[in-house]
Amino acid sequence: MVKYSDLGLVNSRALFQKAVKGGYAIPAFNFNNMEQMQSIIQACVETKSPVILQVSSGARKYANQTLLRYMAQGAVEYAKELGQNIPIVLHLDHGDSLELCKSCIDYGFSSVMIDGSHLEYNANVDLTASVVEYAHKHDITVEGELGVLAGVEDDVSAEEHTYTQPEEVEDFVKKTGVDSLAISIGTSHGAFKFKPGQDPKIRLDILEEIEKRIPGFAIVLHGSSSVPQELVKAINQYGGKLSDAIGIPEDQLRLASKSAVCKINIDSDGRLAMTAAIRKVFAESPAEFDPRKYLGPARDALRELYKHKIIHVLGSNDKI
Ligand code: G3H
Ligand code: 13P
Ligand code: ZN
């Protein structure tokens, strides 16, 4: 058993309490490789922001859980080398079983998500409660989910959103003992969140209703990339083919982060930033074949994107 605190990591409890009171959200950025991890840490050090490093099942398959955990451990030292001791959470994104959550907890993760949102309500409660029981023994924080996001989530695809029902949240939180709750209010994973012509709006009214039922409780938004159109344009300009990629407008996320939303998940925007930067190098320097010459610019673009999110969307700058 590896204890996360021995690795210099923290759980999310105190971070969320401060964030809810302070009217900002902690960034939860996914990482799968060294360049992503470096740019996340550089951005958070430069803006003095706490951070949640997220590992998805896809990331575990792609990069190996052991390597990712050591990278997170390295991130703690890396931040100090860059001059700032920032709070870093290592979080399992979309855990789908008690076994997976246990294996991450035993391996040094400080926070896990158990996503039982596709299950029937009571089955979701039971599964989530079983993870909380194990996690809390080790002082690890747990995120649950109620409501289903449209699009692909955990290899399950849903055509339509099933919005979180505010009448269920109080009971769910009480019965499971979760530390935070992911809700479905119109965000979705990936770069195609709305159809052209559709009003790109999330249901802040449902968020408000949920807050009334569980005041001060930590709320999480998944699927919160904004799909910056300048990145889509750059990708297409340099040979890509992305049409009708639309995200959540940043001003709506800013409003959400001023409320009880204290963790905002962003992955796709980072993918777009990296892809645009790499395509530019390939298009402008076709003879280049040193990966550092295209991964380096991709890393720089990613760092700037994350800084922008922290300062202008989440408001978590200067909150360490
Ligand atoms: O939840 C979705 C995240 O963007 C992770 O995606 O499963 O492709 O790593 P992934
Ligand atoms: P995006 O695809 O909108 O970046 O969402 C990422 C996410 O929710 C990871 O869990
Ligand atoms: Zn997600």
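Order of appearance sets the numbers: ligands from 1, and atoms from 1 within every ligand. Along the sequence shown, the residues carry numbers beginning at 1. Side chains are part of it too, since the values below use all heavy atoms of this structure and drop only hydrogens, waters and symmetry mates.
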Are Leu255 and Leu253 connected in the hydrophobic side-chain network, where two residues link if heavy atoms are under 4.5 Å apart?
yes
Ligand 2 atoms in contact with Ser268 (distance to a heavy atom under 4.0 Å)
1 (P), 2 (O), 4 (O)
Near Ser56, which atoms of ligand 1 are under 4.0 Å from a heavy atom of that residue?
5 (C), 7 (O), 9 (O), 10 (P)
Does the plane of the ring in His161 sit parallel, tilted or perpendicular to the ring in Tyr163? Use 30° and 60° as the thresholds.
parallel
Give the atoms of ligand 1, by number and element, whose distance to some non-hydrogen atom of His189 is under 4.0 Å.
1 (O), 2 (C)
Identify whether the distance between the nearest side-chain nitrogen and carboxylate oxygen of Lys307 and Glu304 falls below 4.0 Å.
yes
With side chain to side chain donor-acceptor pair (under 3.5 Å) as the criterion, how do Asp179 and His136 come out once you've worked through the C-alpha distance, each side chain's angles and the decisive distance to 0.1 Å?
CA-CA 10 Å; Asp179 302 281; His136 282 184; 2.8 Å; yes
With a cut-off of 4.0 Å, which atoms of ligand 2 are near a heavy atom of Ile266?
4 (O)
Between Tyr294 and Phe282, ring centroids under 6.0 Å
yes
To the nearest 10 degrees, how large is the angle at the Zn ion (ligand 3) between His222 ND1 and His189 NE2?
130°
Select the closest option to atom 1 (O) of ligand 1 among Gln54, Lys61, His94, judged by heavy-atom distance.
His94
Report the nearest protein non-hydrogen atom to atom 8 (O) of ligand 2: residue, atom name, distance rounded to 0.1 Å.
Gly223 N, 2.8 Å
Can you tell me how far CD1 of Ile264 sits from CZ of Phe29, rounded to the nearest 0.5 angstrom?
10.0 Å
Do Gln73 and Arg69 pass the side chain to side chain donor-acceptor pair (under 3.5 Å) test, and can you show the C-alpha distance, the side-chain angles, and the key distance before you say yes or no?
CA-CA 6 Å; Gln73 191 175 343; Arg69 200 273 276 162; 2.5 Å; yes
Does ligand 1 have any atom that is closer than 4.0 Å to a heavy atom of Arg271?
yes
N-O pairing of Lys102 and Glu99 below 4.0 Å:
no
Sub-4.0 Å atoms of ligand 2 with respect to non-hydrogen atoms of His222
8 (O), 10 (O)
Consider every N or O of Asn30 and every N or O of ligand 1, then say whether any pair is closer than 3.5 Å.
no
Atoms of ligand 2 close to Asn30 [distance to a heavy atom under 4.0 angstrom, numbered from 1]:
9 (C)
Backbone, side chain, both or neither: what part of His222 comes under 4.0 angstrom of ligand 1, heavy atoms only?
neither
Test of understanding: given a 4.0 Å heavy-atom threshold, classify the contact between Ile248 and ligand 2 as side chain, backbone, both, or neither.
neither
Within a strict 4.5 Å, meaning less than it, do heavy atoms of the Gln38 and Arg303 side chains meet?
no
Quick one: look at Asp93 and ligand 2, take heavy-atom pairs under 4.0 Å, and tell me if it's side chain, backbone, both or neither.
side chain
Side chain to side chain donor-acceptor pair (under 3.5 Å) evaluation trace for Tyr134 with Asp106:
CA-CA 10 Å; Tyr134 187 78; Asp106 294 348; 2.6 Å; yes
Report, in ascending order of atom number, the atoms of ligand 2 lying under 4.0 Å from any heavy atom of His94.
10 (O)
With heavy atoms only and a cut-off of under 4.0 Å, state how Ser188 meets ligand 2: side chain, backbone, both or neither.
backbone
Closest by any non-hydrogen atom to atom 3 (O) of ligand 2: pick that one out of Lys193, Glu143, His189.
Lys193
Among non-hydrogen protein atoms, atom 5 (C) of ligand 1 lies closest to Asp267 OD2, 3.4 Å
For ligand 2, indicate whether the residue Ser224 contacts it via side chain, backbone, both or neither (heavy-atom separation under 4.0 Å).
backbone
Check: Leu90 and Phe109 side chains under 4.5 Å, non-hydrogen atoms
yes
Find out whether Leu100 and Arg60 are in side-chain contact, i.e. whether some heavy atom of one side chain is under 4.5 Å from a heavy atom of the other.
yes
